[in-house]
Every structure is written in structure tokens, then in C-alpha cells.
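Here the structure is laid out as C-alpha cells; the discussion comes afterwards.
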Amino acid sequence: MTFTRSGDRLTVTAVEGLCFAGKSTLVRAVAELTGAVIAPEYTDLAPLPAWPPTDEDAVSAALQQFEHLEALRTTKAKTQLRHRAANDRPDRSDRSDRSDRSDRMVLLDRSPLTLIAHEYGMQALGVPADPTGAAHRYTHAALAGTILTPDRYVYVSVPDDVTAARRAARGPVADHLDHPAVRARISAVCSTWLDLLPPDQVLRLDGTMPVPTLAAATARFLSADTRRSRPIPPWTHLTDAITKQAQPVPS
């Protein structure tokens with residue numbers, strides 16, 4: 001597979017979706033195909049905060065913990081990129097299927113979009129949550145350069161019967177993450193966000209397709225030249241859009 005070059009800037013792609021959608025499997029397959037660096041999912045780095053949060057302070061502490069994990073992922077990814085650049089990737093001449101810009105590509109297995117959508121999901125359960133605070137926190141961190149900001153989003157979805165089969169095969173996640181009301185709210189929030197973005201910077205995938213097919217489609221998406229695309233808006237635009245949706249229609 002041949003890739004076009006899109007300049008020397010770092011490109012960051014977030015792979016998103018509900019639990020059991022196949023995000024991590026896809027990330028690994030795409031990284032193998034393109035040579036991109038992986039920023040692993042949060043639970044691969046640390047245990048999740050205690051749930052449910054007891055009050056607003058506990059919510060703030062959890063958001064701070066995830067910000068720390070985002071910063072950690074950013075540091076690790078940039079370190080890998082520097083090491084690759086320093087070593088000049090001698091193996092690349094033997095891997096014609098890999099992108100010629102793989103030293104500048106990062107795949108995020110989930111992103112702050114997950115963390116903000118999770119806060120909305122917790123509201124659906126009636127526990128303390130702060131989606132607006134989350135959006136502001138991660139927007140400020142992105143502007144400060146301490147966390148990575150995705151240039152593009154890949155969203156993977158599967159029907160409920162596939163989710164159930166994968167849950168049975170792999171084992172359950174935490175109950176509050178798998179609650180139908182939470183899943184529905186997170187899905188709606190992510191859909192609102194994706195609809196705010198430039199169409200050429202969003203790829204929606206049917207996660208029931210074979211992994212090689214999904215990986216090839218994602219690799220083609222990553223190879224596209226987006227230098228002329230409009231910038232991704234800050235995550236505060238998401239909470240603003242949801243607030244507007246919730247406002248009553250004037251009679």
C-alpha cells in the first residue's frame with residue numbers, strides 16, 4: 001500500500017467507539033500497517049478512578065488523573081517519535097507498505113472525547129459529573145501543549161448483538177460503563193462531536209467488518225492530505241453544542 005505525504009508535521013488520530021467496538025484491535029492493526037506510534041488506552045496505563053464519585057471534588061480529582069494520563073501518553077509518544085527520528089528508522093527501506101511519514105503519526109486509543117462523553121454518561125445515571133469542566137480542562141491542556149490534540153477521528157461501532165457476543169468472549173467491563181443508558185448517552189455525545197467536524201477529518205467504520213479491511217480503510221484515511229482542512233474545534237464547542245440542543249424551542 002502506498003501513502004501520500006502530508007508534510008512533516010505531527011498528525012494525531014483518535015480511534016473512538018463504545019466498549020467492545022474493537023478500537024484497540026484496530027489501532028494495533030493500523031500501527032502494524034503504517035508504522036504509527038500508539039498511545040495506549042487509559043486502563044493500560046493505570047487503574048480507573050474509584051466509582052461512583054462521592055462529590056464534585058472527587059469528580060475533579062478523577063478528571064485530573066485522566067489529564068495526567070493524557071500528558072503521560074503524550075510524553076511517551078513523543079519520546080518514541082524522537083527515538084525513531086534519531087535512529088533514522090533503518091528498517092523502513094525494507095517495509096514499502098509503511099507510510100513515509102510514520103515517524104510523525106500517532107494513534108490515540110481513545111481521547112479526551114471519551115472522557116467528556118463519559119461525564120455526560122454519568123449524568124444519565126444521576127451521579128456527580130462535570131462534562132463542561134472536563135471540556136475546559138482538556139481544551140486548556142491541549143492549548144498548553146501538554147496533551148495531544150487529534151487532527152482526525154475514526155469512530156468504530158457495532159450492533160448490540162455483536163457487543164453482547166464480544167462481552168461474553170472477553171469478559172465484562174465495569175457495570176457503569178456498560179449500562180445501556182450510559183452507552184446511549186456516550187454514543188449521542190460522540191455523534192454530536194463528529195457532526196461538528198470537517199467531513200474529511202472523520203471516518204465512521206462498521207466494526208463488524210474484518211480487521212484487515214478496517215485497517216486498510218483507516219490507513220487510506222490517514223494517508224489523505226489534510227493541510228487545507230479546517231482546524232478541529234476545541235472540545236468546549238461540544239459542550240456548547242449540547243447545551244444549545246437542550247434549550248427549549250421558543251413557542
Side-chain angles (χ1 to χ4, degrees), residues 10-19 21 23-24 26-27 36-49 51 53 56 58-78 105-124 128-157 173 176-177 182-183 185-198 201-204 230-243:
L10 176 66
T11 59
V12 181
T13 302
V15 179
E16 291 282 5
L18 296 173
C19 295
K23 299 177 297 300
S24 297
L26 176 60
V27 165
V37 165
I38 295 175
E41 207 267 335
Y42 306 115
T43 54
D44 292 337
L45 298 173
L48 293 174
W51 191 91
E56 293 180 359
V59 172
S60 180
L63 296 178
Q64 184 176 19
Q65 177 179 337
F66 281 116
E67 182 182 351
H68 170 74
L69 293 178
E70 283 288 355
L72 179 62
R73 296 202 304 172
T74 297
T75 299
K76 287 179 176 292
K78 289 183 175 180
M105 294 170 60
V106 177
L107 295 171
L108 301 180
D109 190 345
R110 296 194 179 276
S111 73
L113 174 59
T114 282
L115 305 177
I116 298 165
H118 173 270
E119 294 301 294
Y120 281 107
M122 294 306 96
Q123 285 184 337
D130 186 10
T132 300
H136 281 276
R137 174 183 288 274
Y138 303 126
T139 294
H140 291 160
L143 291 174
T146 58
I147 69 174
L148 293 172
T149 305
D151 302 288
R152 318 175 202 201
Y153 284 80
V154 175
Y155 192 84
V156 190
S157 58
V173 296
H176 66 281
L177 298 177
V182 173
R183 290 175 61 87
R185 186 60 171 147
I186 289 176
S187 179
V189 169
C190 289
S191 180
T192 295
W193 174 247
L194 298 179
D195 288 344
L196 291 173
L197 305 185
Q201 288 167 267
V202 175
L203 177 66
R204 292 177 170 88
R230 290 184 288 117
I232 297 283
W235 292 295
T236 49
H237 283 212
L238 172 60
T239 52
D240 290 344
I242 292 175
T243 298

Drop me the distance from [X]'s [atom1] to [Y]'s [atom2], to the nearest 0.5 angstrom.
{"X": "Ile186", "Y": "Glu16", "atom1": "CD1", "atom2": "CD", "answer": "10.0 Å"}
{"X": "Glu67", "Y": "Glu70", "atom1": "CD", "atom2": "CD", "answer": "9.0 Å"}
{"X": "Gln65", "Y": "Leu72", "atom1": "CD", "atom2": "CG", "answer": "11.5 Å"}
{"X": "Asp240", "Y": "Thr132", "atom1": "CG", "atom2": "OG1", "answer": "8.0 Å"}
{"X": "Leu148", "Y": "Thr74", "atom1": "CG", "atom2": "OG1", "answer": "3.5 Å"}
{"X": "Ile116", "Y": "Arg137", "atom1": "CD1", "atom2": "CZ", "answer": "11.5 Å"}

- Worked verdict on Asp151 versus Thr11 for side-chain hydrogen bond (donor to acceptor under 3.5 Å, both in side chains): CA-CA 6 Å; Asp151 302 288; Thr11 59; 5.3 Å; no
Close side-chain approach of [X] and [Y], heavy atoms under 4.5 Å:
{"X": "Leu238", "Y": "Leu113", "answer": "yes"}
{"X": "Tyr153", "Y": "Cys190", "answer": "no"}
{"X": "Leu197", "Y": "Pro233", "answer": "yes"}

May I ask you to decide if [Y]'s main-chain N or O and [X]'s side chain share a donor-acceptor pair within less than 3.5 Å?
{"X": "Arg73", "Y": "His68", "result": "no"}
{"X": "Ser191", "Y": "Ser187", "result": "no"}
{"X": "Tyr138", "Y": "Leu63", "result": "yes"}
{"X": "Ser60", "Y": "Glu56", "result": "no"}
{"X": "His118", "Y": "Thr114", "result": "no"}
{"X": "Lys76", "Y": "Ile38", "result": "no"}

Closest non-hydrogen atom pair, [X] against [Y]:
{"X": "Pro234", "Y": "Thr139", "result": "CB-CG2, 3.6 Å"}
{"X": "Pro40", "Y": "Asp109", "result": "C-CB, 4.0 Å"}
{"X": "Leu18", "Y": "Lys23", "result": "O-NZ, 2.9 Å"}
{"X": "Val27", "Y": "Leu107", "result": "O-CD1, 3.7 Å"}
{"X": "Gly121", "Y": "Val182", "result": "O-CG2, 3.5 Å"}
{"X": "Thr239", "Y": "Ala135", "result": "CG2-CB, 3.6 Å"}

- Sequence neighbours excluded, the answer for salt bridge (Lys or Arg N to Asp or Glu O under 4.0 Å) partners of Glu119 is none
- Note on the structure: Those residues at least two apart in sequence (or on a different chain) that pass salt bridge (Lys or Arg N to Asp or Glu O under 4.0 Å) with Arg183 are Asp178
- Message: Checking Thr43 now: which residues fulfil side chain to side chain donor-acceptor pair (under 3.5 Å) with it, not counting sequence neighbours?
- Response: Glu41
- By ring-ring contact (aromatic ring centres under 6.0 Å, His included), Tyr155 pairs with (sequence neighbours left out) none
- Classify the angle between the aromatic ring planes of Tyr42 and Phe66 as parallel (below 30°), tilted (30 to 60°) or perpendicular (above 60°). perpendicular
- Message: Taking side chain to side chain contact (heavy atoms under 4.5 Å, CB included) as the definition, give me every residue that meets it alongside Ala241, ordered by chain and number, with sequence neighbours left out.
- Response: Thr192, Leu196
- Set of side chain to side chain contact (heavy atoms under 4.5 Å, CB included) partners for Gln123, sequence neighbours left out: Tyr120, Ala129, Pro131
- Query: Passes side-chain contact (heavy atoms from CB on, under 4.5 Å), Met105 versus Thr13? Steps please.
  - Reply: CA-CA 8 Å; Met105 294 170 60; Thr13 302; over 6 Å; no
